[in-house]
Amino acid sequence: MASVSSQPQFRYTQPPSKVLHLRNLPWECTEEELIELGKPFGKVVNTKCNVGANKNQAFIEFADLNQAIAMISYYASSSEPAQVRGKTVYLQYSNRQEIVNNKTTADVAGNVLLVTIEGNDARLVSIDVLHLVFSAFGFVHKITTFEKTAGFQALVQFSDAETASSAKNALDGRCIPSYLLPENMGPCTLRITYSAHTDLSVKFQSHRSRDYTNPYLPVAPSAIDGTGQLGVGLDGKKLEPESNVLLASIENMQYAVTLDVLHMVFSAFGPVQKIAMFDKNGGVQALIQYPDVQTAVLAKEALEGHCIYDGGFCKLHLSYSRHTDLSIKVNNDRSRDYTLPNPAIASPQPSILGQQPGSAAGPGTSQYGAPGQYPPVSGQTMMQQPSAGWGPPHGSTQSMPMQMHSNHYMPPQGAGSYQMGPGMMQGPNSGGVPHPSMGRPSYGGPGPMQ
DNA sequence: AGCACA
């Protein structure tokens, strides 16, 4: 740090700018006075008063560079200096090209708060903790977080300025309660101002941003495979870490749900590697393993709360398992490892995806490993289910809210028709194997099958 | 009398 005193803080020949710097202004010079001063030379589009330690400097910005030049030129050769209230003001081109004033950001109350989290561990504060803290004052619509030079910051959007200001008044300068923070975290103080934003743009649910008004917003890839452990609780409460293994529990299991049915249903979203079924709490549960988290997320979001069979039967409830790789000891009717090379065992669903080696087997040759549960199924035989499971009975529409948009689609006439309707799940269903009602888009009215 | 603000 040698004293390099070559400090050309100003030059006598400033490059022109449509922004002029004014000094030696009278005390509390107003914007109106500045506009009056500049008006003869052009249109003053912006001003900034009370600048500098003594508050006696200001900026004025003209619409056009030539207007600023005209003003500078005039007073450069004028015998009368520029004056405000009889006081000489000195003018020069500013070293910036435009005035940036934050008047509208920090001063005006709005529905969005700019929150700066102070503290050594500030960036460890999760978006969910922020959501919890601010939800005490009203419905939090959206939160975005980011890091700037100011530190770790968040924008928190409420529905109105009143709610926002109540949160601001209560929380500004306060610390986040320690019981909401991970242990060993230092104190985190909230500094809150109003933001100029009124509606935040949140493209994805992620560990950085959340839109609580839109639970169907896609989850950002970064939130899925980035940290892997950051659960994206859409309601800000569940922090269930995502996993490539889903835990399915089946409610209202009127009809037997077999390993093969599960395999078919879940294969619509990607290759199912392993399934393990077991009894728990008097019901049946299953673990379904995909090769990756993304596929599991897809399947979970599409299937959660939906029924395998029409009529509200066999409703699926899905959560992420803590498992990442199931240990299948034996292939039987309750557990199976589809990654095993033995096609006779590992390919019980020859044509669901049309991509399994065993699917070359023609109709009638598929080998269901499950003894006794189902007779061998020909390629054109539907799931062994009561007809009620296939006909679109009245009142079952609400079981598939995600597919209501496909109501115009009329169901196939029967088991012999395999065409897929728009909006169906992606299962190629290439072999024509019929499937349970999951994926059937048609619930608009009475179907041909009664 | 000599360049703001986040």
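Residue numbers start from 1 in every chain, and the chains themselves are labelled A, B, ... in the order their sequence lines are given, proteins ahead of strands.
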Completion exercise
For A:Ser166, the side-chain hydrogen bond (donor to acceptor under 3.5 Å, both in side chains) test, sequence neighbours excluded, returns none
Problem - Distance in Å, A:Leu259 CG paired with A:Ile275 CD1, rounded so as to fall on 0.5 Å steps - result: 5.0 Å
Between [atom2] on [N] and [atom1] on [X], what's the gap in Å once rounded to a whole number?
X        : N     : atom1 : atom2 : result
A:Gln92  : B:dA4 : CD    : P     : 12 Å
A:Glu31  : B:dA4 : CD    : C1'   : 15 Å
A:Leu25  : B:dC3 : CG    : C1'   : 13 Å
A:Leu20  : B:dA4 : CG    : C1'   : 15 Å
A:Ile72  : B:dC3 : CD1   : C1'   : 13 Å
A:Leu22  : B:dG2 : CG    : P     : 13 Å
A:Lys148 : B:dA6 : NZ    : C1'   : 7 Å
A:Ile192 : B:dA6 : CD1   : P     : 16 Å

Taking [X] first and then [Y], would you say they form a salt bridge - that is, a charged N and a carboxylate O separated by under 4.0 Å?
X        : Y        : value
A:Arg123 : A:Glu147 : yes
A:Asp337 : A:Lys329 : no
A:Asp211 : A:Lys203 : no

Problem - Pair listing, ring pair (Phe, Tyr, Trp, His ring centres under 6.0 Å) test, anchored in residues 39-61 of chain A, at least two apart - result: A:His21-A:Phe59, A:Phe41-A:Tyr74, A:Phe41-A:Tyr75
Exercise for the section: Assign A:Leu114 to base, sugar-phosphate, or nothing according to its heavy-atom contacts below 4.0 angstrom with the strands shown. Expected result: sugar-phosphate
Exercise for the section: Indicate, with a heavy-atom threshold strictly under 4.0 Å, whether A:Gln153 touches base, sugar-phosphate, or nothing. Expected result: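 Since no nucleic acid heavy atom lies under 4.0 Å of A:Gln153, the category is nothing.
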Nearest listed nucleotide, side chain of [X], among [options]:
X        : options             : value
A:His21  : B:dC3, B:dA4, B:dA6 : B:dC3
A:Val100 : B:dA6, B:dC5, B:dG2 : B:dC5
A:Lys48  : B:dA4, B:dA6, B:dC3 : B:dA4

Practice task
May I ask you to decide if A:Pro81's main-chain N or O and A:Ser78's side chain share a donor-acceptor pair within less than 3.5 Å?
Solution key: no
Exercise for the section: Could you check which residues of residues 50-62 of chain A get a heavy atom under 4.0 Å from DNA chain B? Sort them by number, please. Expected result: A:Val51, A:Gln57, A:Phe59
Completion exercise
DNA chain B nearest-nucleotide lookup for A:Ala150 and A:Asn24: closer to the 5′ end is A:Asn24
